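Notes follow the structure.
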Amino acid sequence: MKRIAVSALALAALGVLLSSCSPKTAPVVGVAKFVSHPALDALEKGITDEISAARKDVQFDLQNANADMGTAAQIAQRFKSSKVKVAVGIATPTAQAMANAIKDIPVIYSAVTDPVSAGLVASLDKGGPNVTGTSDMTPVREQLDLLLSLKPKARVGHLYNAGEANSVKLAELVQAYCAEKGLSYVPATVTNSSEVRQALLSIAGRVDGIYLGNDNTVFSAISAVTEICNERKLPLVTADPSSAETLPILAAMGFDYYAMGRSTGKIVLRVLAGEKTADIPAYFAKDPSEMALVLNKDVAAAIGVSIPADLEARASLVIEGGAARRK
């Protein structure tokens with residue numbers, strides 16, 4: 001009897017030991033982007049790199065809505081039902097889908113131009129009960145100044161998706177800028193990426209240059225845009241330096257989206273550590289290191305545009321002879 005009692009005690013102790021040594025369930029962070037293009041891909045990588053560097057235990061559920069709101073809603077339901085620790089929505093439509101469906105899990109938005117107008121938070125000064133994140137309110141005036149430095153007094157063509165809240169906000173800013181400068185503003189709207197080519201062709205003969213803000217639908221068809229602009233010798237200025245590094249885009253000024261992803265990842269880490277979203281205000285990139293200016297001298301030569309020396313001196317990356325030169 002004594003031997004049996006000792007054995008039972010030993011087994012119980014072993015069970016406690018094994019239980020204490022068994023790994024805890026790894027936290028899962030759900031990350032969904034609205035569509036795949038260079039800027040949003042860079043954001044996703046920045047988010048996962050930042051989190052992985054600090055938390056080796058975190059796992060990721062990476063999803064792509066493929067520019068479809070129905071799919072974005074389905075992904076939001078997936079994150080809700082699987083009880084991810086944090087749900088991250090990259091770009092306004094995806095973030096809206098997350099915030100609409102998920103109320104009991106922290107939702108972090110990334111690259112949302114105007115989170116207040118998008119209905120994600122009530123104020124930029126603080127987060128919502130379960131929502132906060134990073135804004136990519138792009139420097140529209142500086143980008144249009146850039147276009148005019150390459151093509152003075154241009155009739156400005158602007159292509160965007162009228163169904164994206166961020167794009168509508170930017171369109172208002174572009175129109176106001178053109179009115180202030182006495183420039184013709186020629187917009188063309190799309191509802192999906194398959195309409196981009198025809199929409200651009202519809203205004204190509206009435207403009208002197210094209211401006212693209214951070215519109216996800218248009219950027220998912222950016223190759224068609226560059227093809228038409230270069231064929232028609234139209235200067236193209238965009239808000240996405242990431243795509244300008246690999247595609248024949250005359251000039252791009254905007255955020256380093258990988259760096260913005262790292263900033264978003266920092267917010268996710270704060271929330272995982274227990275900080276409340278309500279105590280975290282919207283993050284706006286302000287450091288010069290988070291901005292980039294890309295100029296393509298090969299495209300400039302092909303379409304007959306001269307790049308001013310002072311502008312080239314400011315560039316963070318210049319493409320010439322097919323090679324990229326970083327500064």
Side-chain angles (χ1 to χ4, degrees), residues 24-35 40 43-55 57-65 68-137 163-166 169 214 216 255 257 260-285:
K24 295 181 180 179
T25 302
V28 177
V29 173
V31 181
K33 57 190 174 187
F34 187 56
V35 69
L40 300 194
L43 271 166
E44 180 185 76
K45 181 167 173 51
I47 292 167
T48 57
D49 283 357
E50 181 67 28
I51 296 170
S52 297
R55 292 280 300 266
D57 60 326
V58 173
Q59 296 182 358
F60 298 98
D61 184 352
L62 305 180
Q63 298 293 324
N64 180 359
D68 183 81
M69 281 304 301
T71 303
Q74 291 173 5
I75 294 170
Q77 289 296 331
R78 170 195 174 104
F79 288 170
K80 179 180 180 179
S81 61
S82 64
K83 291 290 183 182
V84 297
K85 280 289 185 181
V86 179
V88 182
I90 298 176
T92 303
T94 324
Q96 288 174 320
M98 299 292 150
N100 288 337
I102 301 171
K103 304 299 181 184
D104 58 345
I105 297 169
V107 172
I108 309 301
Y109 57 82
S110 185
V112 172
T113 300
D114 188 342
V116 174
S117 293
L120 295 171
V121 290
S123 167
L124 297 176
D125 299 327
K126 62 180 181 179
N130 73 309
V131 180
T132 191
T134 61
S135 169
D136 67 341
M137 174 55 82
E164 285 195 33
N166 61 311
K169 178 66 176 181
N214 44 13
N216 299 295
F255 297 112
Y257 277 92
M260 179 172 287
R262 300 289 301 226
S263 297
T264 305
K266 286 181 172 67
I267 293 177
V268 174
L269 289 168
R270 290 167 66 181
V271 171
L272 286 173
E275 196 167 347
K276 297 183 184 302
T277 57
D279 297 330
I280 305 175
Y283 175 83
F284 291 87

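Bear in mind the structure is a predicted one, so any value in this text is a computation, not a measurement.
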- Task: Would you indicate whether the side-chain heavy atoms of Ile90 and Glu44 approach each other to under 4.5 Å?
- Result: yes

- Could you give me the CA-CA distance, side-chain angles and deciding distance for Lys33 and Leu43, then say whether side-chain contact (heavy atoms from CB on, under 4.5 Å) is met? CA-CA 9 Å; Lys33 57 190 174 187; Leu43 271 166; over 6 Å; no

Donor-acceptor contacts under 3.5 Å from residues 267-278 side chains, at least two apart:
{"unit_1": "Arg270", "atom_1": "NE", "unit_2": "Glu275", "atom_2": "OE1", "d": "3.1"}
{"unit_1": "Arg270", "atom_1": "NH2", "unit_2": "Glu275", "atom_2": "OE2", "d": "2.8"}
{"unit_1": "Thr277", "atom_1": "OG1", "unit_2": "Gly128", "atom_2": "O", "d": "2.8"}
{"unit_1": "Thr277", "atom_1": "OG1", "unit_2": "Pro129", "atom_2": "O", "d": "3.1"}
{"unit_1": "Thr277", "atom_1": "OG1", "unit_2": "Asn130", "atom_2": "N", "d": "3.4"}
{"unit_1": "Thr277", "atom_1": "OG1", "unit_2": "Val131", "atom_2": "N", "d": "3.3"}

- Message: What I'd like to find out is whether the side chain of Ile280 reaches to under 4.5 Å of the side chain of Ile108, using heavy atoms alone.
- Response: no

- Between Asp104 and Lys83, is there a salt bridge with N-O shorter than 4.0 Å? yes

- Query: Can you name the closest pair of heavy atoms from Ala95 and Gly89 and give their distance?
  - Reply: CB-O, 3.8 Å

- Message: The test is side-chain contact (heavy atoms from CB on, under 4.5 Å); show your working for Val86 and Ile105 and say whether it passes.
- Response: CA-CA 6 Å; Val86 179; Ile105 297 169; 5.5 Å; no

- Is a donor on one side and an acceptor on the other found under 3.5 Å between the side chain of Gln96 and the backbone of Ala118? yes

- Message: Does any part of the side chain of Val29, heavy atoms only, come nearer than 4.5 Å to the side chain of Asp61, both counted from C-beta?
- Response: no

- Using a 4.5 Å cut-off on heavy atoms from C-beta on, say whether the side chain of Gln63 contacts that of Phe79. yes

- Query: Looking at residues at least two apart in the chain, or sitting in another chain, which of them share a side-chain hydrogen bond (donor to acceptor under 3.5 Å, both in side chains) with Lys45?
  - Reply: Asp49

- Message: If I compare all heavy atoms of Ile102 with all of Ala87, which pair ends up nearest, and what's the gap?
- Response: CD1-CB, 3.9 Å

- Task: May I ask you to test the Ser82-Val28 pair for a side-chain heavy-atom distance under 4.5 Å?
- Result: no

- Item | Worked verdict on Val112 versus Asn166 for side-chain contact (heavy atoms from CB on, under 4.5 Å) | CA-CA 7 Å; Val112 172; Asn166 61 311; over 6 Å; no

- Would you please test Leu40 and Val35 for side-chain contact (heavy atoms from CB on, under 4.5 Å) and show each step? CA-CA 7 Å; Leu40 300 194; Val35 69; 4.1 Å; yes

- Query: Less than 4.5 Å apart, any side-chain heavy atom of Asn214 and any of Phe255?
  - Reply: no

- Task: List the atom of Arg55, the atom of Pro27, and the distance in Å for their closest heavy-atom pair.
- Result: NH2-CG, 3.6 Å

- Message: Strictly distance-based, threshold 3.5 Å: is any side-chain N or O of Ser135 a donor or acceptor partner for the main-chain N or O of Thr113?
- Response: yes

- Query: Which heavy atom in Ala26 sits nearest to a heavy atom in Asp57, and how many Å separate them?
  - Reply: CB-O, 3.1 Å

